[in-house]
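Structure record follows, encoded as structure tokens.
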Amino acid sequence: MAETAQPGPVDAHTPEGGTRRDFLSIAATAIAGVGAACALWPLVDSMNPAADTLAAGAPIDVDLKSLQPGQQIIVLWRSRPIFIVRRTPDQVTKLATPEVKGQLRDPQSAANQQPPYAQNDSRSVKPEYLVLVGICTHLGCIPEFVPQPGGSLGASWQGGYFCPCHGSRYDLAGRVFQNVPAPYNLPVPPYHFVSDTVIRVGENPADSTFDFNSVEQI
Amino acid sequence: MRKHVLALGLAALGFVVLSSGAMAQEEAMPPLAKQKWSFDGPFGTYDRAALQRGFEVFQNVCSNCHSLKLVTYGDYGPGGPGGGLGYNDDEVKAIAAAKETTDGPNDQGEMFQRPARASDHIVPPFPNDQANRAAHNGALPPDLSLIVKAREGNADYVYGILTGYKPTPAGMKMPDTMQYNEHFPGHQISMPAPLSDDLVTYADGTKATTAQEAHDVVTFLQWAAEPHLEDRKRTGVKVMIFLLFMTGVLYAAKRKIWASVH
Amino acid sequence: MALQSQNKVVRWIDHRLPIFTFMNHELNEYPTPKNLNYWWNYGSLAGIMLLIMIITGIFLAMEYTPNVNLAFDSVERIMRDVNYGWLIRYIHMNGASFFFIVTYIHIFRGLYFGSYKQPRELLWMIGVVILLCMMATAFMGYVLPWGQMSFWGATVITNLFSAVPLVGNEIVTWLWGGFSVDNPTLNRFYALHYLLPFVILGIVGLHVMALHTHGSNNPLGIDRKGPQDSIPFHPYYTIKDMFGLGVFLLIFCGFVFFGPNLLGDPANYIRANPLQTPPEIVPEWYFLPFYAMLRSVPDILFIKAKLAGVLAMFGSIGLLFILPWLDTSPVRSARFRPVYKWVFWLLVIDIVLLAMVGAHRPEGLWVIAGRLGTLYYFVHFLILFPLIGIFERPLPLPNSISEAVTKKGGGKVAGATAPMEKP
């Protein structure tokens, strides 16, 4: 670099009569840096859900007339599977027994995984009908509905959900068992009964303002 | 040499100026009158009252033939771009529910009609373009979502069309299904004059003259075409102020650094 | 020269991968003529524009759908629903125009100050390749929103290739992947529109490499004689480029925020309709001079007007490749070329005229203007360039840059302030 005006170490490239680190240069660099950082925000924010994505997911009505006790149907709401189970009276009674509750991680549904109107032993508005977002709180797989007690899941299995990916287990109220990878109960979406046999998933009852986006984990 | 070149250059420029004048004369269109719009200028915003009146005109008049496919009912409400038209959620729900839209298939595999919701796009007056054409002597009323941005002259042009109906000049042959409009290219337009005095009754009591209706509905259509306009201009003012400041500091730094070289 | 840094980590890395030495060499101490004026800002501005286009483009690509039924709506979804989508798209849309403004000024600067001459011929030729790639990228990008101008612009420009003798129609069918501009065309244009900017980025690397081999030309067009003629790139030209960028961004943002559609055609907000051609098909402004040449050439002997027009259009850029050898003058800067200095402006006027021709229907006087303008363009490069170099008597050149700079106040140096220079 024979041609440079002031050959030598890096620090020598400073105009005479002032250091490169003088106030103006630092200020200019800082301001330009702030500007560049601000310019990044629109790019980052553009990857957040768009207005139409947020507006979609209007409530859906599901007719439960043909649903038999012990059966489950799956519907789609906001591109997520919603499990709807019509539990038998026997299954409902079991949910409140100490033997079952003793094996659960969060038997009282203390964690915010359901609207307040579903924070009870059956985690539902009407104990007969269970409504869940069918996504395992471990890593997002869809748990299998295994209502029969016993079988390959062991003698103590009382019926519930079994996640095929990593073996998480939930009871018939979507409450997670201890010693499985999933941390939380399956979430309950906002819903209410429009009539005796029709539920509207995605909309709270008139007296509730539950925000589904506030749950711990979907 | 220098003089010759200059002369040549001037001649070329003169030619360009002359010829563009000649070209302009060929199109016998009256110039569009420049209207005063609330959204003009670097600080322009949408006049919410005009937007709502414009919506009333659109809803009662335009929407009988024209679709507005890119806009959703939710856009009218507070969740819409820039706060929408100023309606609240309940008003939006009511506006949407007044229209029936096709949904489905249901459990029986059949399509069904249901009241529209906020997330639905504005329900078009005809199920498809062919049906729309068939109802209008073969002419297709265009979708209005982008009409203001899609025409030379923009808002002034749409206003010009809405107020540009004149009696057919003597000696001009006009088919039965066409009208004379001084601002439409070719002057023959299929759309009958859509607006007239007191065609709508404004909720806010404003007198509904033709000019008022046109002005309001164009404001509404400008919003439909560019809903983020207010956002854009607000952000722009902030960005410009920042850039002026940054450039000033950079200039000072440049002067200081270069002081020793000059 | 190896980097002498206090930082141990930097030294450890640099010993194994001399990236810091390289950056220090090329960006920091890189010796630059001390007399560059603001016309030399446009190279780095073009580089920054390229980066802005690539970055905004990547984020647009995340939301865009290349399908004839969905493309228009997906762009409108970006404009309406995606957070800041309107901003990113308006930056990208106007960015194309400003990229060309900056690049054209960069090219005219090279023409005025003779930057294409020995030993910078390859630097210039690589630049022409970049221009061609930019044009291809811009053209294909303009098709993506699938508006009326997108569709009909694509139809017209791809049909150019049907002028090729014998296999013209086969080439066009191949370009389309069908029998008209349709979904396969849109998809391949999207793929290439995403690819080409990165190709350009690579070629820009070569462009800078060639530049740094002999260093920048300068307004005097004379070589640097020694250290007294140079200053290090940093901080002198980094700060000057940054200040220039600030001014540029003010103008650019003025368009993006307050007139985002001023440079665009309203017809592109109408969904593409293969059954209806718009009354006037006009390309974006940066293609207008070339579009004018395409339409202006009449039948020449046995060459039909269609082929002649296509040849003229491609030839107008193609001849830039041989420009270094068309110019016979040994003097670089127009400041010391009393004749060329003025003829240069004729080219500018000619290209502005051609742009105006391109924006109007080919009727009446515009046809004649187009023909004369096209003729002059080729006369300028193929006849005037060699002749002026031979017959012109250049002014005496200063002995060195530093001598000229110090004498500047006296106004004694030949070639007093040229019109293209800022004082």
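First the proteins, then the strands, lettered A, B, ... as listed; each starts at 1.
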* Heavy-atom pair with the smallest gap, counting every atom of B:Phe242 and A:Ile31 -> CZ-O, 3.4 Å

* Atom CZ of B:Arg255: over 12 foreign heavy atoms under 6.0 Å -> no

* Heavy atoms from other residues, nucleotides or ligands near NZ of B:Lys233 exceed 12 (cutoff 6.0 Å) -> yes

* **Greater than 12 external heavy atoms within 6.0 Å of B:Glu152's CD** => no

* Given a strict heavy-atom distance threshold of 4.5 Å, which part of A:Ala32 is in contact with chain B: side chain, backbone, both, or neither? -> both

* Per-residue contact mode, B:Ala252 against chain A (heavy atom under 4.5 angstrom) -> both

* Other residues, nucleotides, ligands: >12 heavy atoms within 6.0 Å of B:Tyr251 OH -> no

